[in-house]
Amino acid sequence: DFGSELTMNYFGFQMTAPLTVNGYVNNSGGLTLSSQSGGDIALLGDWTNVGTFIPNGRGVTFMGIVQNLTGPTTFDYITLDNAALVTLIDNITIDQTLTLTNGRISTGSNFATISATGSVQRTNGHVVGNLMQYIPAGSNVASQFFIGDTNNFTPVDVTFANVSTAGNIIASTFDAGPSLNGSFIS
């Protein structure tokens, strides 16, 4: 219902096991995850967030077949363990860790952003489209972008001898035909 609230962190009663949602999450009110280890969400359907989402240091695992992620959302942890694809309808930000276990995130014209406190871990899978990552100031700063097109994993590795001002870099891919597929950085 519009304006309803689900909290996994209610007056000291914390969920310590993942909540598996076999359908979809449609948050138009409030959704607060537990702050205890294990109080995550495992999602088989779509994610829609037009309300208030408080991740509380917990994660959301996308483990369906083809899923849509709608509504600009900031996550602490996302795990992609999906047989095919998660499509971003809006921008997302990951403040802690994006774990690519299996599958792809398709951004279209949107962005998957890894914040200054975030990181990416990969076993399999990649981002198709726009991946924005924070680059700190310093010497010999290296970053890896786990991107590719629909059919190919084409990561981009960058190393800067000296970064005087921290900021973000976007690496992106697109499907443009058999001879033009690839990864780009801007």
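Counting from 1, the numbers follow the sequence of the chain as shown.
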Does any part of the side chain of Val158, heavy atoms only, come nearer than 4.5 Å to the side chain of Val141, both counted from C-beta? no
Knowing that exactly one of Thr87, Leu98, Leu69, Leu85 qualifies, which makes a side chain to side chain contact (heavy atoms under 4.5 Å, CB included) with Ile105? Leu98
Are Met63 and Ile92 grouped together when hydrophobic residues (ILVMFWY) are joined by side-chain heavy atoms under 4.5 angstrom apart? no
For the CZ atom of Phe111 and the CG atom of Asp90, what is their distance to the nearest 0.5 Å? 13.0 Å
Compare all side-chain heavy atoms of Arg104 with those of Thr150 and state whether any distance is below 4.5 angstrom. yes
For Thr154 and Gly148, work out which heavy atoms get closest and say how close. OG1-CA, 3.3 Å
To the nearest 0.5 Å, what is the distance between CD1 on Ile41 and OG1 on Thr61? 9.5 Å
ILVMFWY cluster, Leu100 and Leu131 together (side-chain gap under 4.5 Å): yes
dist Leu44:CG -> Asn22:CG (nearest 0.5 Å) comes out at 5.0 Å
If the test is side chain to side chain contact (heavy atoms under 4.5 Å, CB included), which one of Ile54, Val25, Thr52 qualifies with Leu31? Val25
Looking only at the side chains, is there a donor atom on one of Asp157 and Gln144 sitting less than 3.5 Å from an acceptor on the other? yes
Side-chain contact test, heavy atoms from C-beta onward, threshold under 4.5 Å: evaluate it for Val127 versus Thr107 and give yes or no. yes
What are the two closest non-hydrogen atoms of Gly38 and Arg58, and how far apart are they? N-NH2, 3.4 Å
Hey, quick one: are Val50 and Tyr24 part of the same hydrophobic cluster, counting side-chain heavy atoms closer than 4.5 Å, chains of contacts allowed? no
Non-hydrogen side-chain atoms of Leu43 and Trp47 separated by less than 4.5 Å: yes
Does the side chain of Asp95 come under 3.5 Å of the side chain of Ser115 through a donor N or O and an acceptor N or O? yes
Under a 3.5 Å distance rule, please check whether Asp46 uses its side chain to pair with a backbone N or O of Asn68 as donor and acceptor. yes
Is the ring pair Phe62/Phe75 parallel, tilted or perpendicular, if the boundaries are 30 and 60 degrees? perpendicular
Verify whether the ring centers belonging to His126 and Phe146 lie closer than 6.0 Å. no
Would the number of heavy atoms belonging to other residues, nucleotides or ligands and lying under 6.0 Å from OH of Tyr134 be above 12? yes
Do Asn49 and Asn27 have a side chain donor and acceptor closer than 3.5 Å? yes
Donor-acceptor side-chain pairing of Asn102 and Asn124 below 3.5 angstrom: yes
Side chains of Gln133 and Ser143: any donor to acceptor distance under 3.5 Å? yes
Which atom of Ser164 lies closest to which atom of Ala137, heavy atoms considered: O-CB, 4.0 Å
Would you call Phe160 and Ile169 a side-chain contact if the rule is heavy atoms closer than 4.5 Å? yes
Does the Ser34 side chain pair with the main chain of Gln36, one donor and one acceptor, at a distance under 3.5 Å? yes
Which atom names give the shortest non-hydrogen contact between Gly125 and Arg122, and what distance separates them? O-NE, 2.6 Å
Hey, any chance Phe145 and Val120 share a hydrophobic cluster, counting ILVMFWY side chains that come within less than 4.5 Å of each other, even indirectly? yes
OG1 of Thr113 to CD1 of Ile94, rounded to nearest 0.5 Å, is 7.5 Å
Same apolar cluster (I L V M F W Y, side chains within < 4.5 Å links), Ile65/Ile89: no
Can you find a heavy atom in the side chain of Ile135 that is under 4.5 Å from one in the side chain of Asn168? no
Side chains of Val21 and Leu19, heavy atoms from C-beta outward: is any pair under 4.5 Å? yes
Nearest heavy-atom neighbours spanning Asn162 and Ser139: OD1-OG, 4.1 Å
Heavy atoms, side chains only, cut-off 4.5 Å: are Val86 and Gln67 in contact? yes
Exactly one candidate in Val156, Ile147, Asn130 meets side chain to side chain contact (heavy atoms under 4.5 Å, CB included) with Ser172; the answer is Asn130
d(Asp40 CG, Thr79 OG1) to nearest 0.5 Å is 8.0 Å
Can you give me the closest heavy-atom contact between Leu88 and Asn110, atom names plus distance? O-ND2, 3.1 Å
